[in-house]
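Scroll down for the structure; my scribbles are underneath it.
To find a chain, count down the sequence lines: A is the first, B the second, and so on, and within it residues start at 1. What you see is a predicted model; the values in this text were computed from it and never measured.
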2 protein chains.
Amino acid sequence: MNEPHLQTRPKPSEAALAGLSSKLAEHLGDRVVASAAVREQHGHTLTWVKNQPPDLVVYPRTTAEVSEIVKLCAARDVPIIPFGTGTSLEGHVNAPCGGVSVDVSLMKNILAVHEEDLDCVVEAGVTRKELNEHLRDKGLFFPIDPGADASIGGMAATRASGTNAVRYGTMKDAVLGLTVVTADGEVVKTASRAKKSSAGYDLTRLFVGSEGTLGIITEITVKLHGIPEAISAGICPFPSVKAACDAVIMTIQTGIPIARIELLDEVQVRAVNLHSKLTLPESPLLLLEFHGSTAGVQEQAERFGEIAAEFAGGPFDWATKPEDRSKLWQARHDAYWAARGLRPGAQSVATDVCVPISRLAECVDETKRDIEACGLIAPIVGHVGDGNFHVQPLVNMDDPAEVEACEAFVDRLVRRALAMEGTCTGEHGVGQKKMKYLEIEHGRAALDLMRTLKRAIDPHNIMNPGKIVAL
Amino acid sequence: MNEPHLQTRPKPSEAALAGLSSKLAEHLGDRVVASAAVREQHGHTLTWVKNQPPDLVVYPRTTAEVSEIVKLCAARDVPIIPFGTGTSLEGHVNAPCGGVSVDVSLMKNILAVHEEDLDCVVEAGVTRKELNEHLRDKGLFFPIDPGADASIGGMAATRASGTNAVRYGTMKDAVLGLTVVTADGEVVKTASRAKKSSAGYDLTRLFVGSEGTLGIITEITVKLHGIPEAISAGICPFPSVKAACDAVIMTIQTGIPIARIELLDEVQVRAVNLHSKLTLPESPLLLLEFHGSTAGVQEQAERFGEIAAEFAGGPFDWATKPEDRSKLWQARHDAYWAARGLRPGAQSVATDVCVPISRLAECVDETKRDIEACGLIAPIVGHVGDGNFHVQPLVNMDDPAEVEACEAFVDRLVRRALAMEGTCTGEHGVGQKKMKYLEIEHGRAALDLMRTLKRAIDPHNIMNPGKIVAL
């Protein structure tokens, strides 16, 4: 498997699609759409993977409708591609084998909020911001924050995480249970609402991160957290990436329960300064957030300041008032658009890797030398507490040589991370672009096992074919 | 499936065993044992399930030897039962279909400790106490504490947790990656050492909690934590289980990062008083532990004290000196043997369920009324922060009526938990005794999916047959 766009199974015939379309319309009425614009929008993602539109787009409202859709597709051997908000980055929602994009954006019900249990049950189309809006008055929040206002279903499907995974974990940790429609149209509930269980195989984690290749997630029970009594935020420049990473390692070893700790390299800081008219020091920068009691966050911030000073970092500027915190974090929030501003008109190629934190400085430094050597503009932002970082090359897609150079750069980046006992993706997922690295990362036996799982659960390969394990 | 002792596949023939035994001896020498005493010890667990000894016991030293053992067994269609320390509670290591018990107790190497990454790699036979002994000088610890000094391999296989899961999670959370020998003898590495990854299906969590039915875990990479700067412990009586649970709910909602919060019912407290000559108030009791900075644990303890008072709990007695902490926690540490002391000579039937914490008081109260109604002696200890509790009926196994009454009681207990959106086991696992509840808990479609996984990964059903999904 060399081609990320590989079509791994036949596309459905025109006849099959026509029959399917009229059958779907019997159930869904005008929620079956075949217009080119809508189809293209559903093949499009925030990625540099070429658009591969599905044949049809459907908008179910219920799990029962999703089950019906899957059964109709299965009967005609037509592929199914689950679609949340389309903010995935590695070609997850493309339709290389054609088929039906199942857009869950009408599944917006928040089915239950259990305040005492700190969990809630939502339909797959609820976005994280919608959920947090709903929760605010209850003093609760859902912490996973991948940047984009993604759907909770899509976040579960891609094992998303983001800036505060260092404290609150990833979707692997946040999901208590799922309702999933499998390839035969069966509705599977993966777990009870108990906080922990040893009752059988972990079906929840089987589907979290499966990117729609094993089933469609329709409902999610997620853990919630109480909004902290106090939040403080800080910003701290360092003389080098190494110094910043060493400070992070000591912070975590010391047990400071840091909520967010983000690294911006000096290219990213320069981009933010230009974009937002700031005057941040153009050196590696850590952005931090502390959650806890009033005294607790003060103590955390003070202790971090001491650690930073040990590694020649500083001045450490911190604030507890919301407006001051927002200002400090502006650099991070603006990162994506600020980066794009470095080269207007260029395609932004967002990719990520993750390494053990002991190797992070080395991996980032080598990557920066590589960027310089191949003449790319590519800012770096890292969820440094997890060893996860993003590189965002800005590429002129009309220049084949440049595209090829970027492909080669990403390839070296991934292989560098793998050689350091890391992973080809910390949080973006495999989609199409990272498929070729699974065997290098996991080994042949593990990849074979993944394929065995895929074949057993989706024997006719209709669930998001051509992704993850390349079936 | 009604009989927990159901033999789900033929036992190996004498001829097959004889051939296997001599082949195994070629590789393992005297580390192949067929004596009745050793076989019985390996069919025995801390359970009331009848002993079902394996045909042979082998003691591999390496993953390669485990692979060889599995290949030899697979070639002769002989079952394999992984064995750690034999401290599982639901018949996990019994051999209802005969076969070879693979005892990993010689696999004791701690292969690597990565202090900066807060992880380490151990062989399956290393016990949690051995690991913590090894780590102590480095200022690190492995938090999962199921009570028994279980092997890390066995803990991963049963998705174990224990007293501090409320803060540090369960084995699901603690395991970064595994080396597993699957039914065909292949060696699978499930994950890199990155703290998080979205690179494909979550093979790690597929094996965590699979109780040896999908493969044998031979190496485990687990997350570590820095030993907290300060630890304080406390003990606090409450007028009722409800009051204690309400205090716990508020403590968690408030975001106090409590490390341990355990409930003892008054029967358990009485047992401890008798056993250890203490004079604790014989009412529902919470035992607590706080980890953090010196100021942090003081603040946590004070805030808990305020919450306890709101729910008529107290006096809240707390201490930071190690010897005083030990004294406060003595009641918890003595719980198992103290309970047995309530009825010398009786079999202790340890079982557990877990419910959403909002239902915990109701579930415990109903269970206590049930215990009283059926005349059992059965103390209750709960990992109350997770909604998980243990009931330990003391049963005269020579009295069939009493055994039957206890079986019926456990059945009602499990069904009660399931009716409250809970699970049939929070941390003990399914083994043989909880198999019949999986369909009630998860539904037919989910159980079918579990069976599909089992059949796909272990098509000849040689890995710990007759457990979990009853194949």
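With chain B as the partner, the residue from A/Val469, A/Leu447, A/Leu438 showing the most heavy-atom pairs under 4.5 Å is A/Leu438. Most heavy-atom pairs under 4.5 Å with chain A: of the set B/Cys424, B/Gly200, B/Gly255, this distinction falls to B/Gly200. Each of A/Val187, A/Leu176, A/Leu214, A/Asp119 has some count of heavy-atom pairs under 4.5 Å with chain B, and the biggest count is that of A/Leu214. Ranked by heavy-atom pairs shorter than 4.5 Å toward chain A, the options B/Asp448, B/Leu360, B/Val430 are led by B/Val430. Across A/Ala191, A/Ser293, A/Pro257, A/Gly209, the residue that shares the most heavy-atom pairs under 4.5 angstrom with chain B is A/Ser293. Put simply, of A/Arg444, A/Lys454, A/Met171, A/Lys434, the one with the most heavy-atom pairs under 4.5 Å next to chain B is A/Lys454. Each of B/Leu118, B/Thr254, B/Val355 has some count of heavy-atom pairs under 4.5 Å with chain A, and the biggest count is that of B/Leu118. Chain B forms the most heavy-atom pairs under 4.5 Å with one residue out of A/Glu116, A/Arg359, A/Glu115, and that residue is A/Glu116. Among the candidates B/Thr204, B/Leu140, B/Thr213, B/Thr182, the residue making the largest number of heavy-atom pairs closer than 4.5 Å to chain A is B/Thr213. With respect to chain B, the highest number of heavy-atom pairs below 4.5 Å among A/Glu427, A/Lys189, A/Glu186 belongs to A/Glu427.
Both the backbone and the side chain of B/Ile252 come within less than 4.5 Å of a heavy atom of chain A. Interface remark: B/Thr190 contributes backbone atoms only to the contact with chain A (heavy atom separation under 4.5 Å). With a 4.5 Å cut-off on non-hydrogen atoms, A/His383 touches chain B through its side chain but not through its backbone. With a threshold of 4.5 angstrom between heavy atoms, A/Thr170 approaches chain B through side-chain atoms but not through N, CA, C or O. With a 4.5 Å cut-off on non-hydrogen atoms, A/Ile357 touches chain B through its backbone and its side chain both. Contacts between A/Tyr437 and chain B at a heavy-atom distance below 4.5 Å are absent for every atom of the residue. With a threshold of 4.5 angstrom between heavy atoms, A/Leu224 does not approach chain B through any atom at all. If you measure heavy-atom distances from B/His442 to chain A, the contacts under 4.5 Å come from both the backbone and the side chain. Only the side chain of B/Glu299 comes within contact range of chain A, with heavy atoms under 4.5 Å apart. For A/Val180, no part sits under 4.5 Å from any heavy atom of chain B, backbone or side chain. At a 4.5 Å heavy-atom cutoff, the contact between A/Thr158 and chain B is made by backbone atoms alone. Interface residue B/Arg303: only side-chain heavy atoms are found under 4.5 Å from chain A. Within the 4.5 angstrom heavy-atom criterion, only side-chain atoms of B/Asn388, from C-beta onward, approach chain A. Contacts between B/Gln253 and chain A at a heavy-atom distance below 4.5 Å involve backbone atoms as well as side-chain atoms. Looking at A/Ala417, neither its backbone nor its side chain comes within 4.5 Å of chain B, counting heavy atoms on both sides. Interface remark: A/Glu441 contributes side-chain atoms only to the contact with chain B (heavy atom separation under 4.5 Å).
Side chains of A/Asp202 and B/Val208 form no contact here, defined as non-hydrogen atoms less than 4.5 Å apart.
Side-chain atoms of A/Ser198 come within 3.5 Å of backbone atoms of B/Arg159 as a donor-acceptor pair (strictly under, hydrogens ignored). Between the side chain of A/His114 and the backbone N or O of B/Pro356, no donor-acceptor pair lies under 3.5 Å. Of the possible polar contacts, none joining the A/Arg205 side chain to the B/Tyr201 backbone as a donor-acceptor pair under 3.5 Å is found.
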Problem set entry | Derivation and outcome, side-chain contact (heavy atoms from CB on, under 4.5 Å), residues B/Leu206 and A/Leu453 | CA-CA 10 Å; B/Leu206 180 70; A/Leu453 293 176; 4.0 Å; yes

inquiry  = Determine whether A/Leu449 and B/Leu203 satisfy the following criterion, side-chain contact (heavy atoms from CB on, under 4.5 Å), listing intermediate values before the conclusion.
reply    = CA-CA 8 Å; A/Leu449 179 54; B/Leu203 297 183; 4.1 Å; yes

Worked verdict on A/Asp386 versus B/Lys196 for salt bridge (Lys or Arg N to Asp or Glu O under 4.0 Å) = CA-CA 7 Å; A/Asp386 306 312; B/Lys196 66 184 195 188; 3.3 Å; yes

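B/Ser197 contributes atom OG, which lies 12.5 Å from atom NE2 of A/His428 (distance to the nearest 0.5 angstrom). Summarising the geometry, atom CG belonging to B/Asp117 is positioned 7.0 Å from atom CD1 belonging to A/Ile249; distances are rounded to the nearest 0.5 Å.
Contact detail for B/Cys354 and A/Ala194: the closest heavy-atom pair is O-CB, 3.7 Å. B/Val188 and A/Ala445 make their closest contact through CG2-CB, 3.9 Å (heavy atoms, listed as atom of the first residue, atom of the second, distance). Between A/Ala199 and B/Thr423 the shortest heavy-atom distance is CB-OG1, 3.4 Å.
Within a 6.0 Å radius of NZ in B/Lys223, other residues, nucleotides and ligands contribute more than 12 heavy atoms.
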